[in-house]
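Inspection log for the structure reproduced underneath, given as structure tokens.
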Amino acid sequence: MIDLHCHILPGVDDGSDSLDTSCRMAAIAADSGVRQIVATPHRGVDPARESGGAAAIRTAVSALQRELDRWNIPVRILPGSELLLAGDWPLPAPDSLLSLNGSRYLLVEFYFDESPRAMERRLRAVEEAGFVPVVAHPERYFCVQEQPSIADVWVDRGRVLQLNKGSLLGSLGEEACLCASLLLRRGLASVIASDAHHSRVRTPDMRNLLELLSDRFPAVEAELLLLENPRRILRDLPLS
Ligand SMILES: [Fe+2]
């Protein structure tokens, strides 16, 4: 499997707090069958103003990879980010943004109570900058929970929807669980990822998710959502 959304880099956001935790997260992921993880630290709408920016993330990815190799943890870490689309405009210059493994696909998120109009405006700005938005956890946004047809519009317009495994497992609230299940059943999601932050809660362990998918969503192609589509994204290919 490939985990496209994971806060595994140590000490850069509210994810892993140490190199030790990052190694534990990678080991947990590996034990559950994950072989590639995209490190997606949170970034704001003006990454150029953040300390170190994209270069710092790439350096941290290399440092973590060296540590995993030293401990023979069979996981490859790739660079990425999760861009919060909020606040001042215009969008930063495309070369200061860090897409998923340098592809056309940019992982983006919103405040949970963002309005559909503001979301649309910001998604268009991302597209005008040359990226395909990968909308992180659409099931967690209040407007999508209330009006799931927003997700249909996003998919029709070529945006990629990434569900959180925690939403499907019910650990991110009932509303998110119901909405994630609906989006999955309706075939609107292209990817499921961990959005892991720690080694004990919100972990990158995919075993429970695989069990849930085979028990409750037998019609869903788990391999497509957890391997094939993520692989296409990392190779900068169109999704099937
Ligand atoms: Fe995240």
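The analysis underlying the following values was restricted to heavy atoms, covering all of them including side chains, and did not include hydrogens, waters or symmetry mates. In each ligand, atom 1 is the first atom listed, and ligand 1 is the first ligand listed.
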Assess [X]: does it contribute an N, O or S atom lying under 2.8 Å from the Fe ion (ligand 1)?
X: His7; result: yes
X: Glu109; result: no
X: Cys6; result: no

* **Sidechain N-carboxylate O distance under 4.0 Å for Arg43, Glu109** =>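 Not counted as a salt bridge, because no side-chain N and carboxylate O are separated by less than 4.0 Å.
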* To do: Could you tell me whether Glu127 and Arg124 have a side-chain N and a carboxylate O separated by less than 4.0 Å?
  =>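 No.
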* To do: Consider only side-chain N and O atoms of His5 and Gln162, and report whether a donor and an acceptor are under 3.5 Å apart.
  =>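 Side chains of His5 and Gln162: pair found under 3.5 Å.
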* Asked: At the Fe ion (ligand 1), what angle lies between atom OD1 of Asp195 and atom NE2 of His5, rounded to 10 degrees?
  ->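 Between OD1 of Asp195 and NE2 of His5, at the Fe ion (ligand 1), the angle is about 80°.
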* Name whichever N, O or S atom of Glu82 ends up nearest to the Fe ion (ligand 1). =>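 Per the distance ranking, Glu82 contributes OE1 as its closest N/O/S atom to the Fe ion (ligand 1).
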* **Interatomic distance, Glu67 atom CD to Ile77 atom CD1 [nearest 0.5 angstrom]** =>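 Rounded to the nearest 0.5 Å, the CD-CD1 separation comes out at 12.0 Å.
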* Between Phe112 and Tyr141, how do the two ring planes meet: parallel, tilted or perpendicular, split at 30° and 60°? ->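 Taking Tyr141 first and then Phe112, their aromatic rings sit tilted (interplane angle of 30° to 60°).
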